[in-house]
Structure formats: structure tokens, C-alpha cells
Amino acid sequence: MPRRIEVSKLCKSFTLHLQGGVTMPILSDLDMQVDAGECVVLHAPSGAGKSTLLRCLYANYRATSGSVKIRHDHTWVDLSSAAPQTVHAVRHASLGFVTQFLRVIPRIATLELVMEPLLARGMAREDARLQAEAMLVRLRIPMRLWHVPPATFSGGEQQRINIARTMICDYPILLLDEPTASLDEANRDCVIDMINAARERGAAVVGIFHDDHVRRALATRLFLIPSVQTISLVTTQ
Ligand SMILES: Nc1ncnc2c1ncn2[C@@H]1O[C@H](COP(=O)(O)OP(=O)(O)O)[C@@H](O)[C@H]1O
Ligand SMILES: [Mg+2]
């Protein structure tokens, strides 16, 4: 299977400006490769840098050093140094990211939010609407909520809208930060099926799942994030 993600010698540290510029190393010289058709589950204790690694893969966080290469449009793009327009293009076509938190434009109806990624890809409105409706049915979002903005939805409902907006597109790479954390069993199993189907059609998946059942149902392998041994707090002043 072709390679989709190639991380090498990734270092990420945070500089805490409010604490005298103390530098906190989180990821150090991390190498990781992910191929199409794999679901790699990040495995490490809380606070070890799992979400930080996913954010580096999405270029929410810039690497302190090293490279984060993503397969995009038949070429490799290093997100650690890519221009903002390139990052945007890579996210649009190649990277889907589901976090625990729904961040959408306020006051837009749920159905419209789920259609939006398809419309952005040039799909006709009617086709996009049918696909979005099917997705909402599958994720058990009651019809009475389709025309309401999700701001007042429960945590689990908002999470399912998040999943719907990403899984409605066939992204070649999926980054998932606890997408099932606040779901009941039936919805959790539905999302497991969606992620497995995406992987089987060739998506490269990197995820964080605390639920052991979810992990066993999805992981093709675990990736252990090595702990940064010496949390030496270096003052940069
Ligand atoms: N933007 C940030 N600024 C400063 N510290 C951060 C930032 N993001 C994460 N951290 C710190 O990095 C460490 C790893 O966080 P995170 O990647 O969220 O861990 P995990 O997902 O493995 O639980 C934590 O100590 C966290 O406080
Ligand atoms: Mg996390």
C-alpha cells in the first residue's frame, strides 16, 4: 500500500511565555510512517503528546524541528514548512480531522453544515442534501434537529455532527482525536463501522481512542509515543 504520512525527527516543544519563557519539550526525534489502509492508534499516557502529534500532522501546531510530510495531489508536502495556502489546500483535499469539539460557524443549520464540505467540492446542491440527510439518519440525529444550528445540542450530538462533516468526504487521510468519547454504544459502533469502511477503501487513519473496545475494533497497529525522558526545563532567557 502506498505511503501517506512520513514524519521524521519531529520535535515539538512549547515555550511558556507567561512563565519566563520556560521551554517544555513534548515530542523528541519522533519518526512515524503511515500507509494507506492502516489505522494507527497512538498509545501513550495522558499528557504524553498524542493530541500534540495529531495537531502537528494537521499543521495546527508547527513542528519545532523535523519534517511532517503528507501525501497530497501525487506529491509530498512538508507541513512543517508549508505556506498557509498550501496547508489549506492539503487540508481541503487530503486531510480530515475529527476532534472532540465542534467548531463551526454559528447560526448555520445542521443539515447545511453537513452539506457544506460536499458543496465546497463542487457537488450539486440536491445531491449534497441527499447525502447529508443519509449521513444524519445513519448517525441517528433526529430530523427535528436538522434545521437547527448545533450550538444547543448535547455533547454527543455535537460530536456526531463533527463526525458527519468529516466522514461525508472520502479523505485519503483521517486524523481522529477521540471521536467516540461522548457517544453511546449504538452510535459508537456506527462510527467504528464508518472508520473501518474508510480504511478498507484505502484511507490512512491515525487516531486516539481511550475506549479499549474501540481500539481493538479499529487498530491495525499501535504506535507508542516515546516519553521525553528528561523533562529538563530549560529557561531561554
Ligand atoms: N498549546 C500548548 N501550549 C502549552 N502546552 C501545551 C499546549 N498544547 C499541549 N500542551 C502540553 O503538552 C503536553 C501534551 O499534551 P497533549 O498532546 O494534549 O497530551 P495527550 O493528548 O497525550 O493527553 C501537556 O503537558 C500539555 O499541557
Ligand atoms: Mg489528547
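Counting begins at 1 with the first residue of the sequence. All ligand and atom numbering here is 1-based and tracks the order in the structure.
- For atom 27 (O) of ligand 1, the nearest protein heavy atom lies 4.0 Å or farther away.
- To the nearest 0.5 Å, atoms NZ (Lys50) and NE2 (His43) are separated by 9.0 Å.
- Numbered from 1 in the order shown, with element, the atoms of ligand 1 that lie under 4.0 Å from a heavy atom of Lys50 read 17 (O), 19 (O), 20 (P), 21 (O), 22 (O), 23 (O).
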Is there a salt bridge (Lys or Arg N to Asp or Glu O under 4.0 Å) between Glu112 and Arg125? Walk through the geometry before answering. CA-CA 10 Å; Glu112 205 64 40; Arg125 228 187 128 70; 3.0 Å; yes
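- Side chains of Asp193 and Asn196: a donor-acceptor N/O pair is absent below 3.5 angstrom, by distance only.
- With respect to Lys69 and Asp78, no salt bridge is recorded, no charged nitrogen being found less than 4.0 Å from a carboxylate O.
- Residue Ser46 approaches ligand 1 through these ligand atoms, each under 4.0 Å from one of its heavy atoms: 23 (O).
- With a 4.0 Å heavy-atom cut-off, ligand 1 is reached by the side chain of Ile26 but not by its N, CA, C or O.
- Polar contact with ligand 1: present for Gly49 (N/O pair, distance under 3.5 Å).
- Here the protein heavy atom with the shortest distance to atom 8 (N) of ligand 1 is Tyr61 OH, 3.0 Å.
- Taking every non-hydrogen atom of Thr52 and a distance limit under 4.0 Å, the qualifying atoms of ligand 1 come out as 9 (C), 14 (C), 15 (O), 16 (P), 17 (O).
- The protein heavy atom nearest to atom 20 (P) of ligand 1 is Gly47 N, 3.5 Å.
- Side-chain contact check for Ser8 and Ser67: at least one donor-acceptor pair (N or O, by modelled atom type) lies under 3.5 Å.
- Residue, atom and distance of the protein heavy atom nearest to atom 7 (C) of ligand 1 are Phe14 CZ, 3.4 Å.
- Interatomic distance, CG of Leu95 versus SG of Cys169, reported as 12.5 Å (0.5 Å rounding).
- Within ligand 1, counting atoms from 1 as listed, the ones closer than 4.0 Å to a heavy atom of Met24 are 5 (N), 11 (C).
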Trace of the side-chain contact (heavy atoms from CB on, under 4.5 Å) decision for His213 with Asp189: CA-CA 10 Å; His213 170 86; Asp189 289 346; 3.6 Å; yes
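- Residue Arg55 has no N or O atom closer than 3.5 Å to an N or O atom of ligand 1.
- Not a single N or O atom of Leu16, backbone or side chain, sits closer than 3.5 Å to an N or O atom of ligand 1.
- Metal site remark for the Mg ion (ligand 2): Ser51 contributes an N, O or S atom at a distance under 2.8 Å.
- Here Ile161 contributes atom CD1 and Leu139 contributes atom CG; the two are 7.5 Å apart, rounded to the nearest 0.5 Å.
- Between the CD atom of Gln159 and the CG atom of Leu102 there is a distance of 9.5 Å, given to the nearest 0.5 Å.
- In terms of protein heavy atoms, atom 18 (O) of ligand 1 is closest to Ser51 CB, 3.6 Å.
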